Amino acid sequence: MTDQILQDFNISGFQKALLHWYDQNKRDLPWRENQDPYRIWVSEIMLQQTKVDTVIPYFHHFLEKFPTVQDLAAAEEQEVLKAWEGLGYYSRARNLQHAVREVVTEYNGEIPSTPKELGSLKGVGPYTKGAILSIAFNKPEPAVDGNVMRVFSRLLHIEDDIAQARTKKLFEEYTRELISSDDPSSFNQAIMDLGATICTPKAPTCMLCPLHEYCRAFADGVQEKLPIKQKAKKPKPVPYVTLVIKNRHDQVIIEKRSNQGLLANLWQFPMIPLTEVSIDHIENWFRSEYGLKVNMNAKMDQIKHTFSHLVWHLEVHEAELVEDQTVVSDERLKLINKSDISQYPFPVSHQKIIKLIK
DNA sequence: AACCCGGGGTC
DNA sequence: GACCCAGGGTT
């Protein structure tokens, strides 16, 4: 299968050119200071679908707060989510802590270095498994992500749709043939750096590329057309009324989200879905749902927040507790001092509201 | 295989 | 707006 594509490809010349370029041009990144598998692991989870520049400050703070697997295992989940606040894909943080606890109890705190054991940890999929095995343990395992598929689809002029699951498996096979057995760690990181700096999605700078003499897409003049990728669906709009409920003591009501699904275990201001409740029945619905009497007042703002699969339209209203209540009975709700808001992890959409009321 | 799951940067 | 990013889990 891979033989056909690779039979006339100069693998050793390509490897030398790539590794020499990496040696001269590798980026200075905080998780490259050493080969501590915990640091590599944390960085790889943070880097999933997230740019390097976004990750760097989170990485520093996270390692400062949780320097070892033992520290992370012993932490409160809310603390971990707070350290993840603003990064997105929060299940990454919850899965990471779950996996780290398993490492502490099942592996005596030593991160496993076999594909089977590593891959069985929560949140460690095929890519992350390969990345840790190669970068931290120097094993010749493929770590195929969007970068790798872009670089190799151009290098080998492959037109398969990279949105398809089977295409990723194809690239893993190619990588097993192409990867340097001498320095698999540098090899995988070199492809990532090349994809981030030279072989970019748009307008790749092929003239600066150490691989252009090996690149079939460049030879065929189709580098800008590759990789082929099926278009994603448009996110679906969902309208809500969001209530900022205050009492007379500078306190406000916040709500803990479900422990499953979107933004699990994060906090928010109560949201009422306008797909189920009309704007005129908000107060009644709120009382039956949460057992709390509130008056909804003026609209403060309209917030639009886009996720990968949906768009929230938040109509933010000020509201007040009708009686001077200082306790709430519903388990989801909490009445807190405004000054304590910063102790709770909120998604970015609701951080916009926090700014509004400050 | 399709869908769910965030947020930010770029053009 | 469209697209992309060091993807994984669930169904």
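Note that the structure is predicted; figures quoted are calculated from it, not measured. Just so we're on the same page: letters track the sequence lines, and every chain starts at 1.
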Describe the nucleic acid contact of [X] in one word from base, sugar-phosphate, nothing, applying a heavy-atom distance below 4.0 Å.
X      : value
A:W31  : base
A:K352 : nothing
A:G195 : nothing
A:V55  : nothing
A:K236 : nothing
A:T128 : sugar-phosphate
A:I45  : nothing
A:R27  : base
A:S308 : base
A:F307 : sugar-phosphate
A:A165 : sugar-phosphate
A:R32  : base
A:L29  : base

Rounded to whole angstrom units, what separation is found between the [atom1] atom of [X] and the [atom2] atom of [N]?
X      : N     : atom1 : atom2 : value
A:K51  : B:dG9 : NZ    : P     : 10 Å
A:R94  : B:dC5 : CZ    : P     : 12 Å
A:Q48  : B:dG8 : CD    : P     : 18 Å
A:W312 : B:dG6 : CH2   : C1'   : 10 Å
A:D193 : C:dA6 : CG    : C1'   : 10 Å
A:R150 : C:dC4 : CZ    : P     : 9 Å
A:Y89  : C:dG9 : OH    : P     : 13 Å
A:I303 : B:dG7 : CD1   : C1'   : 15 Å

Using a strict threshold of under 4.0 Å (side-chain N to carboxylate O), is an ion pair present between [Y] and [X]?
X      : Y      : result
A:K299 : A:E318 : no
A:E85  : A:K82  : yes
A:R32  : A:D193 : yes
A:K122 : A:E102 : no
A:R332 : A:D330 : yes

Heavy-atom nearest nucleotide on DNA chain C for A:K129 versus A:Q230: which residue maps closer to 5'?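 Nearest-nucleotide comparison on DNA chain C picks A:Q230.
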
Among C:dC3, C:dA6, B:dC5, which nucleotide sits nearest the side chain of A:N147? C:dA6

Taking atom P in both C:dA6 and B:dC4, compute the distance separating them and give it to the nearest angstrom.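 The same atom, P, in both gives a distance of 24 Å.
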
Distance check, C1' atoms only: C:dC4 and B:dG6, in whole angstrom units.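 After rounding to an integer number of Å, I get 14 Å for this pair.
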
Does [X] place a side-chain N or O at less than 4.0 Å from the phosphate oxygens OP1/OP2 of [N]?
X      : N     : answer
A:R92  : C:dG8 : no
A:K202 : B:dG9 : no
A:H309 : B:dC4 : no

CZ (A:R27) with more than 12 external heavy atoms under 6.0 Å: yes

Using heavy atoms to find the nearest nucleotide of DNA chain B for A:T54 and A:L310 separately, return the residue whose nucleotide is more 5′.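 That would be A:L310.
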
